[in-house]
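Single-structure report; data block below.
In the text below, chain A, chain B and the rest are named by the order of the sequence lines, each starting its count at 1.
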Amino acid sequence: MKVSVKYFASLRELIGEASATVEIEENTTVDALWLSISERKNVEFDNVMMTVNMEYVKPGCRLTAGDEVAFFPPVTGG
Amino acid sequence: MKVSVKYFASLRELIGEASATVEIEENTTVDALWLSISERKNVEFDNVMMTVNMEYVKPGCRLTAGDEVAFFPPVTGG
Amino acid sequence: MLVDIRKESFNAYQEILSYQASQDFSGKCGATASFVGSMRDFNDDRKVTSMTLEYYPGMTEKHLNAIAREAIEKWNLLDVLILHRIGKIKIGEDIVLVASWSAHRKEAFESCRTMMEQLKSSAPFWKKENTTAGSKWVEKNTSG
Amino acid sequence: MLVDIRKESFNAYQEILSYQASQDFSGKCGATASFVGSMRDFNDDRKVTSMTLEYYPGMTEKHLNAIAREAIEKWNLLDVLILHRIGKIKIGEDIVLVASWSAHRKEAFESCRTMMEQLKSSAPFWKKENTTAGSKWVEKNTSG
């Protein structure tokens, strides 16, 4: 199945792209997706924040076809 | 010795005047002054606040000639 | 630092704008916290039509200045603005403005709220509410 | 309730004035607390010349709207205004505005500060500081 992935800020720069469509197996968790992406891109990043469909999720959250997943560093607004 | 006395808000209305010059004995405390005024004016008032020369004082504060004493109800600004 | 007692009505945010325009906080100030108290048409369950605010000329100014100076020192603020109305106040008019300028937000928030609580509990002002059933002195401020 | 992301610079207090003029709080609102965060020319010990703010289109608006709605419900507020800059920000420009309108001061103060802390800890914005020594992402917000 396919999910869309977005990256922001320093993580976007490290990954080298702002978004991608990724093919994953069913029942993949969001942290497993991050692990495979970070290994493939050879990116090390502590404290990555994860959202699915614009809501913060725990690492074990299982993905569904068509989900919008985002990975980004700690937020620094305000 | 003489001190000047001011009254504010509901206490001013109960006393019937905004200020007065009062003759007191040396070493009179501010609460003794209030007791004599409230008895003379026949005014009962809980929670009277007291200042001497525009600073809040404790009841036992001793007065000095020329002091500006004020008695007023709890403040309600803001 | 500006502390002022106003007989005439004022617009709190216009006052902040004018005050900021007269100062040079730009680049140094990261955080401004402000509080505006305005005249409601009710208090507890009473319908209020207007209000008269009495003060203690001399002491009120002195007391508010002390509140502002102590806050600037305690929280290392860039500046403080305190305005308070006296006299007859109509529904919707601003009664009080307290604003703190700081490098950081924690100091701005804490100083603004503390100054407002100090003002409420100890600055010599007294409100008399005019209701459809007559006039009445407000006996006590609600705790913050 | 108004939550808005701004590409162009804004003046926070002018925005409060315009928003108030468009609403009818008069007589109901006794207390307004507001916080304005502005662009400083330093952070820790670095000299900063400008800043670029990135956000997550869609999620940022959704998240700020949730913060505002929950505050209105929790503190029974009359209204909330949240504005946040994105893009390139110059020294002295306003970055964020959070304002709460309430009948009472306790609710105004607490909701304003809580919304600001929630925004700082969870709203998807990222700052990149441009200094005389190059550009650098801010790694972490200071705690409030």
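- The contact between D:K120 and chain A is made by backbone and side chain atoms together, counting heavy-atom distances below 4.5 Å.
- Chain A forms the most heavy-atom pairs under 4.5 Å with one residue out of D:H84, D:R85, D:H63, and that residue is D:H84.
- With chain A as partner, the option from D:T60, D:T142, D:N141 having the largest number of non-hydrogen pairs under 4.5 angstrom is D:N141.
- Within 6.0 Å of CD in D:E139 there are 12 or fewer heavy atoms belonging to other residues, nucleotides or ligands.
- Atom NZ of D:K106 has 12 or fewer heavy atoms from other residues, nucleotides or ligands within 6.0 Å.
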### Query
Does the pair D:M59 and A:E68 meet the rule for a side chain to side chain contact (heavy atoms under 4.5 Å, CB included), with working shown?
CA-CA 11 Å; D:M59 176 169 170; A:E68 176 177 307; over 6 Å; no
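- Contacts of D:Y55 with chain A are made by backbone atoms alone, with heavy-atom separations under 4.5 Å and no side-chain atom involved.
- A pairwise comparison of heavy atoms in D:Y56 and A:A70 identifies CE1-CB, 3.5 Å as the closest pair.
- The environment of CD in A:E25 is sparse: at most 12 heavy-atom neighbours from other residues, nucleotides or ligands sit within 6.0 Å.
- With D:K127 contributing its side chain and A:G78 its backbone, the two residues share a donor-acceptor pair below 3.5 Å.
- Across D:A123, D:S121, D:P124, D:S122, the residue that shares the most heavy-atom pairs under 4.5 angstrom with chain A is D:S122.
- The contact between A:N53 and chain D is made entirely by backbone atoms, counting heavy-atom distances below 4.5 Å.
- With hydrogens and angles disregarded, no donor-acceptor distance shorter than 3.5 Å links the side chain of D:W126 to the backbone of A:S10.
- For the residue pair D:V138 and A:T76, the shortest heavy atom distance occurs at O-CG2, 3.3 Å.
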